Amino acid sequence: MTGKMKLVRTKEELRTLRRKWIFSGEKVAVVPTMGALHAGHLSLVEAAKKGADRVIVTIFVNPRQFNNPDDLDKYPRTEDDDAVKLAPYGIDALYVPTPDQIYPQGFATNVSVSGVTEELEGAHRPGHFDGVATVVSKLFLQSRADVAYFGEKDYQQLQVVTRLSEDLDIETEVVGCPTVREEDGLAMSSRNVLLSHSARAIAPAMYRAMQAAARGIRGGTPVDVALEEARAAILAAGYTDVEYIELRSATGLKPATDLSDPTRILSAAMLDGVRLIDNVAV
Ligand code: PAF
């Protein structure tokens, strides 16, 4: 079933592979990434291997989803290492498109999902979700995958891509996979490598504070009190800013004040000039 991983740079090559696979009735999965692969990405690759006959991993650092040019410059790019990390998984194709394969000259289309994009990350990173929605639509259509795997770490993004796939009748089923954490609880993220040694030691404080808030809310602490305590704990640990920490419905991300429906706490905070996000189920 799995030969050698093919490095694909153009959408034409990808289409040719995809046609062959459709012809032989094989189910195709795509795992979209921006590279700098870590165990979280590799867990998505494992899920894709279990769920489909053919697996495409994509690596494209998408300029349109960075609202801050510094953030784009700093974003780690490690394509050779990424290919080495993927080798043991026996994936079929590593699609690393050049920018013109995604945004050819004259490209003038923007995919914009309303509602779920408007708050949380959307409020703090203007244009971010348009960039994500546009590139993910392109990757779905270029790969014509039957199924796509995304991490719950970017929980709002997962909601956005689920929405766009349904709304645009794209026949790619979106599957969310649990966040993978370091031993000390820090959610795996490509941005973690940007943290200094001392900041790395502080970083898990956000997850600990969110877990404590979730326990408190489950135990009857009023939501605003639990979240305020969590915010204070994150700042006391050494984070410089908490952009948001909120309780939201698990589907649709509507503000929540009780546990009548499944909820999640979502947070974004700055540490050592690095913006970290996380979320936990309550
Ligand atoms: O989660 C990411 O790495 C990116 O937002 C994605 C989904 C690959 C789109 O560029």
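Whatever order the structure lists ligands and atoms in, that order sets their numbers, starting from 1. Residue numbers start at 1 and run along the sequence shown. The structure displayed is predicted, hence computed values, not measured ones.
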Student: Under a 3.5 Å threshold, yes or no: a donor from one side chain and an acceptor from the other, between Asn62 and Tyr103?
Tutor: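 A donor-acceptor contact under 3.5 Å links the two side chains.
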Student: Between the side chains of Arg275 and Glu121, is the shortest nitrogen-to-carboxylate-oxygen separation below 4.0 Å, so that they form an ion pair?
Tutor: yes
Student: Which is it for Thr33 and ligand 1 at heavy atoms under 4.0 Å: side chain, backbone, both or neither?
Tutor: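 The answer is the backbone of Thr33.
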Student: Is any side-chain N of the basic residue among Arg18 and Asp92 closer than 4.0 Å to the acidic one's carboxylate O?
Tutor: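 Judged by the 4.0 Å cut-off on N to carboxylate O distance, Arg18 and Asp92 do not form a salt bridge.
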Student: For ligand 1, which atoms sit closer than 4.0 Å to a heavy atom of Val135?
Tutor: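 What qualifies from ligand 1 is 9 (C), 10 (O).
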Student: Among protein heavy atoms, which lies nearest atom 2 (C) of ligand 1, and at what distance?
Tutor: Gln157 NE2, 3.8 Å
Student: Measure the distance from atom 9 (C) of ligand 1 to every protein heavy atom, then report the residue, atom name and distance (to 0.1 Å) of the closest one.
Tutor: Gln65 OE1, 3.3 Å
Student: Could you tell me whether some N/O pair between Asn62 and ligand 1 is separated by less than 3.5 angstrom?
Tutor: no
Student: Counting each atom of ligand 1 from 1 as listed, which ones have a heavy atom of Phe150 under 4.0 Å away?
Tutor: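 Once the distances to Phe150 are compared, the set is 7 (C).
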Student: Determine whether more than 12 heavy atoms belonging to other residues, nucleotides or ligands lie under 6.0 Å from atom CZ of Arg144.
Tutor: no
Student: Verify the distance criterion only: is there a donor paired with an acceptor across the side chains of Asp278 and Ser267 at less than 3.5 Å?
Tutor: no
